[in-house]
Amino acid sequence: MQQQIVLGDFVFSVSNKTAYERLMRKSTGGWVAVDIVGTKPRSHNTGQGLETITLSGKLFGVQGMGALNRLRELQSSRQPQTVVDGHGRNLGRWKIMDITETQQRVIDNGTAMIVGFDVALEEFADENR
């Protein structure tokens with residue numbers, strides 16, 4: 001089975017009908033400006049910050065709603081999850097910071113035909129790093 005990304009035991013993939021449409025990965029260089037009276041601020045490096053990844057997409061129907069419930073179960077474990085990309089590279093452990101769900105075209109039994117989502121992850125750093 002082809003996979004886009006694996007988060008813990010949750011697989012984002014086209015074949016599972018749990019594909020994401022957009023991945024945004026952000027890393028910072030650790031630079032801050034230190035204000036100095038009477039002159040320009042000085043640049044100072046405090047160390048690289050934690051990386052973030054945001055996955056965004058649309059899922060469909062009952063299956064899509066169930067997929068987001070499985071992601072929320074992972075989030076409620078309050079444990080960092082291993083992330084592996086589609087090329088098999090282990091990206092380390094990440095915390096599930098936010099899950100945003102937008103239900104559209106909801107039918108009379110409460111099922112959303114379109115479920116938009118954003119899953120925000122933050123790199124997990126422990127004392128061994």
Side-chain angles (χ1 to χ4, degrees):
M1 169 178 52
Q2 293 289 320
Q3 63 193 34
Q4 293 174 309
I5 248 181
V6 178
L7 171 63
D9 64 359
F10 187 90
V11 179
F12 287 92
S13 75
V14 173
S15 61
N16 276 357
K17 299 182 181 175
T18 56
Y20 62 83
E21 297 170 346
R22 185 180 68 202
L23 181 149
M24 183 174 64
R25 186 170 179 179
K26 180 180 176 184
S27 57
T28 63
W31 290 100
V32 296
V34 178
D35 290 331
I36 307 292
V37 175
T39 187
K40 288 184 175 184
R42 298 284 190 252
S43 296
H44 180 73
N45 194 288
T46 59
Q48 189 167 0
L50 297 175
E51 288 190 40
T52 61
I53 293 175
T54 302
L55 304 169
S56 302
K58 289 184 179 76
L59 304 174
F60 301 96
V62 173
Q63 186 174 0
M65 294 173 75
L68 282 175
N69 287 337
R70 287 195 312 278
L71 283 169
R72 284 196 174 87
E73 288 171 8
L74 273 180
Q75 182 185 41
S76 69
S77 76
R78 295 181 177 84
Q79 297 295 316
Q81 303 294 321
T82 300
V83 173
V84 178
D85 72 10
H87 300 284
R89 292 180 295 218
N90 185 333
L91 302 180
R93 296 190 303 158
W94 294 71
K95 304 168 289 193
I96 303 172
M97 301 302 289
D98 296 296
I99 298 172
T100 305
E101 174 180 347
T102 305
Q103 296 185 4
Q104 300 174 46
R105 298 193 180 158
V106 180
I107 61 175
D108 58 358
N109 69 359
T111 301
M113 295 292 95
I114 301 171
V115 184
F117 70 90
D118 293 294
V119 178
L121 308 175
E122 184 177 75
E123 179 181 17
F124 176 76
D126 59 14
E127 63 277 354
N128 297 324
R129 293 184 99 198

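Residue indices begin at 1 and follow the sequence shown.
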Please tabulate, for the side chains in residues 32-45, all donor-acceptor contacts under 3.5 angstrom to protein atoms that are two or more places apart in sequence or on a different chain.
residue: Asn45; atom: OD1; partner: Gly47; partner atom: N; Å: 2.8
residue: Asn45; atom: ND2; partner: Gly29; partner atom: O; Å: 2.8

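Between Phe60 and Ile114, the closest side-chain pair of non-hydrogen atoms falls below 4.5 Å. Counting heavy atoms from C-beta on, the side chains of Asp98 and Asp118 never come closer than 4.5 Å.
Residue Thr52 holds its OG1 atom at 6.0 Å from NZ of Lys26, rounded to the nearest 0.5 Å. Here the CD atom belonging to Glu51 is positioned 5.0 Å from the CH2 atom belonging to Trp94, to the nearest 0.5 angstrom. Annotation: the span from Leu55 atom CG to Glu21 atom CD amounts to 11.5 Å, rounded to 0.5 Å. For the atom pair CG of Leu74 and CG of Asn69, the computed distance is 12.0 Å after rounding to the nearest 0.5 Å. Distance check, rounded to the nearest 0.5 Å: CG of Leu91 to CZ of Arg25 gives 5.0 Å. Atoms CD1 and CD1, on Ile53 and Ile96 in that order, are 11.5 Å from each other to the nearest 0.5 Å.
By the salt bridge (Lys or Arg N to Asp or Glu O under 4.0 Å) test, Glu73 pairs with no residue at all, sequence neighbours left out. Checked against ring pair (Phe, Tyr, Trp, His ring centres under 6.0 Å), Phe10 has the following partners two or more places apart in sequence or in another chain: Phe12.
The minimum heavy-atom distance between Val83 and Leu7, with the atom names listed, is CG2-CD1, 3.7 Å. Val119 and Leu71 make their closest contact through CG2-CD1, 3.9 Å (heavy atoms, listed as atom of the first residue, atom of the second, distance).
The cluster map of Ile, Leu, Val, Met, Phe, Trp and Tyr, joined by side-chain heavy atoms under 4.5 Å apart, puts Val14 and Val115 in different clusters. Linking ILVMFWY side-chain heavy atoms closer than 4.5 Å, directly or via other members, places Leu23 and Leu121 in a single hydrophobic cluster.
For the pairing with Lys95, the side chain to side chain donor-acceptor pair (under 3.5 Å) check across Glu122, Gln75, Glu123, Gln79 returns one residue only, Glu122.
In this structure a side-chain-to-backbone donor-acceptor pair under 3.5 Å is present from Thr18 to Ser13. Remark: the backbone N or O of Tyr20 is paired with a side-chain donor or acceptor of Gln4 at under 3.5 angstrom. A donor-acceptor pair under 3.5 Å is formed between the side chain of Arg78 and the backbone N or O of Ser76.
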Verdict with supporting geometry, Met24 and Ser56, side-chain contact (heavy atoms from CB on, under 4.5 Å): CA-CA 8 Å; Met24 183 174 64; Ser56 302; over 6 Å; no
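Within 6.0 Å of CZ in Arg105 there are 12 or fewer heavy atoms belonging to other residues, nucleotides or ligands.
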